[in-house]
Amino acid sequence: MESVPEHTVDKLAETGKKAGKSGKNSDGKATGKFICKTICQYSKEPVSDEDMKKLMEIADGYGRVKNYVYSRYSGIASLSKLYPGYTVQNEMTKSGLRSSMGLPSVYFYLAIFDALGDIKSQWTRTKNKVLGLIGKNEGFSEEEKHYLRFVLRVGNAFEAVMNRQLIKLPAALEKKYQELAEQVDEDKLQRYLCRQVRKYHVRLHTEENLGFSAAERAYRYENHGIYLAVKEKRKRIFVPLTDNHAYLCQIYVKLYPQEKRVVLHVPVKTAVKAREDFVHPVGIALGMYTMLTTDGGNSYGEELGDYQIRYAEWMQEQTRCYNQNRENNPGRKKYTAKKQRLTEQMHSYINHELNRFLEMEKPKTVYMAKLPKPRGGGMNRKNRKINYSVSMWQRGYIRSRLEQKCRERGVEIRDVWGKDIGNMCSYCGEMGKKKDGEFVCESCGFSIEEKVNTARNVLKRGMEGKRVTGDGNEI
């Protein structure tokens, strides 16, 4: 399913407030911890063509505003306007764009700040990319790397360098900057930084306008549904919902015009339900064909490989057909719809198996190996089906859903150092060999299923404290 922008929960429904104040779990034990989760509400009946057209007008205007902000404020010259963003808001108000589009202000300003959030995230990705390149550049001394990292992390310094202006910082930072600048060639490093940023920074643009955010003033829950504001003054359209829950927060309205339905994505705060019977430390090993295996030998998600292979084969066939008929291709609507169905089926299976894992194993702490980042190249040139299957591996989704479900239950996830963890014997600690899904230790003769061996090593390293910090370093 398409990702939804993150939103801040302003208020909760009355029932949510009561649950939040109590902060108790199912056993009556106070936790005092809360998490934010996104729930979905679905339209009960097909939305009429007239009402869908009105909602699509809002979505189209919302997307046009975002693209306008992207084009005008994604560049280097606008860095000073991004924080806190009121300069952009004022300039957009004076531009007259809202009046010319007829878009209600409640949507117009949300679109502006939604786009600003995307731009800030893009700048963060650009800086992280350049930081990675600096660390790998053997031509720089440690002093030069330190200077470049300082400039990237201090907003005022970065903005001045990008715009080729004099760097002016508060007294405490100015002293530190001067100490670093005296040891390096400032002009050379600043020109390097400008080149790399201009090379990797991307101006955002959105083509698909099938959703929009809505603040509390743009809707109200009533009569087992929701009333949404449209372009017509003092007019709202009614969408009946499958549930009767009402919320007071910023929501995201996702439109499916072909299916004549609407899905509301609502962020809510929920109390962490720590379970007293969740007491075991568990080591797990993730796999592409069996989703995860525990140190006790239990497997969950054994059909994941079938889902991924079926998905990969379909994707490969669709790509081949599309490339052969590129000029006369009638469109991608059916392709997109089926791709979404297959993805949702796979994600539904993953969530079901993760729930089963947590209920069966009852872990207090889950240890898992820190997986390396996906690499480009190095693919199997002889077997393209393997390439497609690997590319479809849902490990990022599995990890994010496992983290969310663990947070909801008060379970802690810890990453352990993963080097050679699958090649080490979990019995004696010596290196062994893997063949046909089995691990065999040549030193002690120990033999076991390879994923179980890996999971046992994960648990052992976790209990010994050989964990990984957020920056990837071992502790």
Side-chain angles (χ1 to χ4, degrees), residues 1 15-16 19-20 22-42 243 245 266-308 343-369 371 393-416 426 448-449 451-463 467:
M1 184 178 292
T15 53
S22 66
K24 295 182 179 181
N25 60 19
S26 57
D27 297 323
K29 180 182 177 181
T31 62
K33 296 181 180 180
F34 299 87
I35 61 170
C36 184
K37 62 184 292 186
T38 300
I39 64 170
C40 292
Q41 294 182 290
Y42 302 91
D243 64 71
H245 294 102
V266 186
V268 296
K269 279 184 179 178
T270 59
V272 174
K273 298 179 181 179
R275 296 269 296 272
E276 292 184 352
D277 56 337
F278 278 42
V279 295
H280 308 292
V282 177
I284 65 172
L286 296 183
M288 191 168 68
Y289 297 105
T290 297
M291 184 174 70
L292 64 84
T293 304
T294 69
D295 60 277
N298 298 324
S299 297
Y300 299 90
E302 294 176 292
E303 298 178 17
L304 179 63
D306 296 334
Y307 279 91
Q308 293 187 143
T343 303
E344 289 180 349
Q345 288 173 5
M346 185 158 44
H347 287 179
S348 177
Y349 176 73
I350 289 171
N351 281 289
H352 176 271
E353 288 299 292
L354 288 176
N355 289 334
R356 192 167 70 89
F357 158 70
L358 292 169
E359 292 302 318
M360 294 293 292
E361 301 295 331
K362 303 185 185 304
K364 181 178 181 180
T365 306
V366 175
Y367 295 101
M368 60 188 300
L371 295 174
W393 187 16
Q394 301 288 306
R395 70 175 191 173
Y397 181 79
I398 294 169
R399 172 67 189 245
S400 66
R401 295 305 300 154
L402 179 59
E403 288 178 346
Q404 176 70 17
K405 292 177 184 297
C406 285
R407 283 196 296 266
E408 293 172 6
R409 294 165 173 81
V411 178
E412 185 178 6
I413 290 186
R414 293 186 177 180
D415 287 319
V416 304
S426 59
I448 193 174
E449 201 273 325
K451 288 296 182 182
V452 178
N453 181 69
T454 301
R456 289 186 178 183
N457 283 328
V458 168
L459 179 61
K460 186 181 296 185
R461 289 188 183 184
M463 299 301 288
R467 295 187 285 115

field: Minimum heavy-atom distance Ile413-Arg399, with the two atoms named
entry: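 Heavy atoms only, the tightest pair is CG2-NH2, 4.1 Å.
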
query: Where is the tightest heavy-atom contact between Ala455 and Asp295, given as atom of each residue plus distance?
result: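 Residues Ala455 and Asp295, closest heavy atoms: CB-N, 3.4 Å.
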
Please examine the side chains of [Y] and [X], heavy atoms only from C-beta on, and report whether any two atoms are closer than 4.5 Å.
X	Y	result
His280	Glu361	no
Thr294	Tyr300	yes
Lys405	Asn351	yes
Arg456	Ile448	yes

query: When rounded to the nearest 0.5 angstrom, what distance separates CG in Leu358 from CZ in Arg356?
result: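 If I round to the nearest 0.5 Å, the distance is 11.5 Å.
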
message: I need the Leu354 CG to Glu359 CD distance, nearest 0.5 Å.
response: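 Answer for the CG-CD pair, Leu354 versus Glu359, is 12.0 Å.
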
- prompt: With no hydrogens and no angle check, do the side chains of Gln394 and His347 hold a donor and an acceptor under 3.5 Å apart?
  reply: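 His347 and Gln394 do have a side-chain donor-acceptor pair below 3.5 Å.
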
- prompt: Under 3.5 Å, is there a donor-acceptor pair linking the side chains of Arg407 and Gln404?
  reply: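 Indeed, the side chains of Arg407 and Gln404 share at least one donor-acceptor pair under 3.5 Å.
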
message: Would you say NZ of Lys362 has more than 12 non-hydrogen atoms from neighbouring residues, nucleotides or ligands within 6.0 angstrom?
response: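 Yes, NZ of Lys362 has more than 12 neighbouring heavy atoms, counting only those of other groups under 6.0 Å.
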
field: Polar side-chain atom of Gln308 near backbone of Met288 as donor-acceptor pair, under 3.5 Å
entry: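 Judged by distance alone, yes, a pair lies under 3.5 Å.
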
message: Once you measure the plane-to-plane angle for Tyr349 and Tyr307, does it fall in the parallel (<30°), tilted (30-60°) or perpendicular (>60°) bin?
response: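 Aromatic pair Tyr349/Tyr307 classed parallel.
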
